[in-house]
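Both backbone and side-chain heavy atoms feed into the values below; hydrogens, waters and symmetry mates do not. Just so it is clear: chains get the letters A, B, ... in the order the sequence lines come, proteins before strands, and each one is counted from 1.
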Number of protein chains: 2
Amino acid sequence: MSNGKITVRRVAELAGVSPATVSRVSRGSTHVDPVLRERVLRVIEEHGYKPSHFGRALAERRHGALGLVFPGLSGPYFAELIQGFEVQALETGDSVLVLASHSRDDTDATVIDLAGRVDGMAIHGGTVSDAALEKLCGMVRVVVMAGDTGPAHASVRVDNSSMRGLTRHLLVDHGYRRLAFVGNPDGSTDVTVRWEAFLAAHKTARRKPPKEPVRVGLQQSDGVIAAKQLLDGDEPPEAVVCANDETALGVMIGAMGRGLKVPDDIAITGFDDMPMASLVNPDLTTVRQPVRELATTTARLLADRSPDPAGAVLLPTEIVLRGSCGCRDGGGG
Amino acid sequence: MSNGKITVRRVAELAGVSPATVSRVSRGSTHVDPVLRERVLRVIEEHGYKPSHFGRALAERRHGALGLVFPGLSGPYFAELIQGFEVQALETGDSVLVLASHSRDDTDATVIDLAGRVDGMAIHGGTVSDAALEKLCGMVRVVVMAGDTGPAHASVRVDNSSMRGLTRHLLVDHGYRRLAFVGNPDGSTDVTVRWEAFLAAHKTARRKPPKEPVRVGLQQSDGVIAAKQLLDGDEPPEAVVCANDETALGVMIGAMGRGLKVPDDIAITGFDDMPMASLVNPDLTTVRQPVRELATTTARLLADRSPDPAGAVLLPTEIVLRGSCGCRDGGGG
DNA sequence: TTGTAGGCGTTATCAA
DNA sequence: TTGATAACGCCTACAA
């Protein structure tokens, strides 16, 4: 078997044409004599010629790769994010370079370095300092996902204001008194905005919000930890509003582990509408957000070759009322 | 601000030296006159010169990148895998290209293409056909993680045989009669081996195993689905052995949602020992596997420049007995 | 339509 | 130690 050392020149030689012609054929250029094309194609096939990314990248000054930077969290949200992004990138022939272990306090050097190896970068809200972001923008096209555009070229995010309606629902429709919020507003832009919407709903309803959110991460285990803090305290809340479904599930597990009934003893809501939300008992009241679209839109913006990408895209969300807020009294294991 | 168009030649010019010297300095080569080095460094600093990955890659014939291929699953396991891999890769200055949306029935073309953009690839067991794997091996160094070496250059996996001891524990120490297995042996090498170990333990104990596993995926929602199938049937099992912690949690949620008590009414075990395992009530009996080490070892093997990497690395695992199998009767919410 | 020649930015080789 | 010079593999004017 021929090893990968076969080059344009060699193919040209074997096919009795010039390297230029091979290049044209290999990239499906028009304007090539069918006979020659056929001859070249056969040699390519026969010897398994693959244009070198090295040479191509250098000549075209294009990496054919997109970067994806986010805080290394587990869970359905990020899995969906990666996959959506990747599928879209593949669509345009781009590869995906990920930086999943990046937290804001890391040195920015890593992400700057990444910028030198890609044609565009997607930065998840809250993972990179504004200073670094600005530097990045001077190097490649940058799209912020789930965050403010800031110095970036564009941004794509979901409409977190649904959290306001959801909170109002709890406050007004159900008449719950003491609400708690689980999630760290400093952790990500999404949580910041959701916490603000939570506060705003209280204000509109002329009700006093909790002084502080329960500052934990976004994983299921964080929800369990929050439940411990919330339910073992003096005044447990009547309803717990969680920054995402995972923590909501965690809180629910914690509550049930204490023998509490949801929603009778305590109401719980999430955000995302991931698969588990409709599978638990009671099923989870939440806000549905189009995670996949968030990812694909971002990738599309990045791959777009037009001079300037759209400014800020806002994706719609939808409140999904189910059992865990008390809207149905079926189930309640 | 100077745009990124500054090259070696330009720096050389500005510093009054040759491009070769700039190259030597930029790469920290020894044998450079301190005076010149200083002069060059200042110019580099001043103009923000960054060696182009294009040029460097072509000249060194080295991408400076590693590929990571796995089935796009969510959950702590894969999150840990990515991060561990990435951290180790960063250690050697490599970037990480991921292919997370690859399922076995995809065209192999995608993964073959990836091979042309990296110096080495980590393939998660059960994601690529043997034919494709063989082809890949002719292009780059390939290490299989959590799977058989096969045609690959090396493999790293964990010792799944602990599943045998765990099953024996359920069968003999606890004396459970009917056990069920949740997980699809065809889905991944790990599950294949765990199912086989489950069967082997039955054989050794001279007990009849279930005819079939409950063939579901590895996510929490799959566990809920399995619970439905298992618990709503005629003869619910006395103990459910799950292929991983996530599905175990799902089964537990399903069981509790039906008002069943764990482990009194039904025992449940997992595999992984992820954070949630010790947080639920009752806490989860499981097998601890070193996921991070799995990832870092793989990355290290890939980055290793020595002629041939080690053959097959086997990482140890450890049975962790907790409440969900019936070993402690505290808790049991 | 095809071929020739030069350039993309860096590193490697070999004299000096 | 330093500096010309030649790859590295491909693409793309430009000329034929």
Side-chain angles (χ1 to χ4, degrees), chain A residues 2-41 43-44 47-65 93 113 115-119 139 305, chain B residues 2-41 43-44 47-65 93 113 115-119 139 305:
Chain A
S2 63
N3 45 23
K5 310 197 68 173
I6 180 143
T7 78
V8 236
R9 253 181 291 273
R10 184 96 183 84
V11 172
E13 214 172 282
L14 292 166
V17 299
S18 78
T21 298
V22 174
S23 173
R24 289 190 261 262
V25 170
S26 95
R27 223 189 24 209
S29 159
T30 74
H31 307 307
V32 170
D33 185 291
V35 178
L36 283 194
R37 163 189 300 285
E38 190 52 41
R39 190 139 41 104
V40 170
L41 279 177
V43 174
I44 286 179
H47 294 261
Y49 164 71
K50 285 272 180 192
S52 149
H53 272 285
F54 297 133
R56 210 199 271 279
L58 180 56
E60 293 183 337
R61 264 175 300 183
R62 172 164 188 286
H63 298 271
D113 176 83
R117 328 170 67 122
V118 297
D119 305 312
M139 309 176 68
R305 287 219 162 314
Chain B
S2 62
N3 47 21
K5 310 196 68 174
I6 181 141
T7 78
V8 236
R9 253 181 292 271
R10 184 96 182 87
V11 173
E13 211 173 283
L14 292 166
V17 298
S18 78
T21 299
V22 174
S23 173
R24 287 190 263 263
V25 170
S26 95
R27 225 182 23 196
S29 158
T30 73
H31 308 306
V32 170
D33 186 291
V35 179
L36 283 193
R37 162 188 300 285
E38 190 53 41
R39 190 139 40 103
V40 170
L41 279 178
V43 174
I44 285 180
H47 294 260
Y49 165 71
K50 284 272 180 193
S52 147
H53 273 285
F54 297 133
R56 207 198 273 276
L58 180 57
E60 294 183 335
R61 261 173 305 180
R62 175 166 185 284
H63 298 271
D113 175 84
R117 329 170 67 122
V118 297
D119 304 314
M139 308 175 69
R305 286 219 164 317

### Query
Which residue, A:Pro19 or B:Ala20, contacts DNA chain C at a nucleotide closer to its 5' end, judged by nearest heavy atom?
A:Pro19
### Message
On a heavy-atom basis, which atom in A:Ser26 and which in A:Arg56 lie closest, and how many Å separate them?
### Response
OG-NH2, 4.2 Å
### Task
Measure the distance from CG on B:Leu58 to C1' on D:dG9 and round it to the nearest whole Å.
6 Å
#### Entry: Rounded distance (nearest 0.5 Å) linking atom CZ of B:Arg117 with atom CE of B:Met139
11.5 Å
### Message
Tell me the interatomic distance from A:His53, atom NE2, to C:dT10, atom P, rounded to whole angstroms.
### Response
21 Å
### Message
Without decimals, in angstroms, what is the distance between B:Tyr49 OH and C:dG9 C1'?
### Response
7 Å
### Message
Rounding to an integer number of Å, can you tell me how far B:Arg117 CZ sits from D:dC10 P?
### Response
14 Å
## Note on the structure
Side-chain atoms of A:Ala59 come closest, of C:dG7, C:dT1, C:dT2, to C:dG7
### Message
I want to check one thing: is the phosphate of D:dA4, taken as OP1 and OP2, less than 4.0 Å away from some side-chain N or O of B:Ser18?
### Response
no
### Task
Measure from the side chain of B:Arg24, starting at C-beta and using heavy atoms only, and say which of C:dG9, C:dT1, D:dG3 lies closest.
D:dG3
### Query
In terms of side-chain heavy atoms of A:Asp33, which of C:dT2, C:dC8, C:dT10 is nearest?
C:dT2
### Nearest listed nucleotide, side chain of A:Thr21, among D:dC10, C:dT2, D:dG3
C:dT2
### Task
Taking only the side-chain heavy atoms of A:Val17 (C-beta and beyond), determine which of D:dC11, C:dG3, C:dG9 contains the nearest atom.
C:dG3
#### Entry: Distance-minimising heavy-atom pair for B:Val32 and B:Arg24
CG2-CB, 3.9 Å
### Query
What's the NZ-P distance between B:Lys50 and C:dT10, to the nearest Å?
12 Å
### Summary
The nucleotide from D:dG9, C:dT2, D:dT12 with an atom nearest the side chain of A:Leu36 is C:dT2
### Task
For A:Arg9 and A:Pro19, work out which heavy atoms get closest and say how close.
CG-CG, 4.0 Å
### Task
Could you state the atom-to-atom distance from CZ of B:Arg37 to P of D:dG3 in whole Å?
14 Å
### Message
For B:Arg9 and A:Val8, find the nucleotide of DNA chain D closest to each by heavy atoms; which residue's nucleotide sits nearer the 5' end?
### Response
B:Arg9
### Query
B:Arg27 near the nucleic acid: base, sugar-phosphate alone, or nothing, with a heavy-atom cut-off under 4.0 Å?
sugar-phosphate
### Distance, rounded to the nearest Å, where A:Glu60 contributes CD and C:dG9 contributes P
14 Å
### Query
To the side chain of B:Ser52, which of D:dA4, C:dT10, D:dG9 is closest?
C:dT10
### Task
Compare the minimum distances between each of D:dT1, D:dC8, D:dC11 and the side chain of B:Arg61, then state the nucleotide with the smallest one.
D:dC8
#### Entry: A:Phe54 CZ to C:dG7 P, straight-line distance once rounded to whole Å
24 Å
### Message
To check you understand the geometry: which heavy-atom pair defines the closest contact between A:Arg61 and B:Phe54, and what is its length?
### Response
C-CZ, 3.6 Å
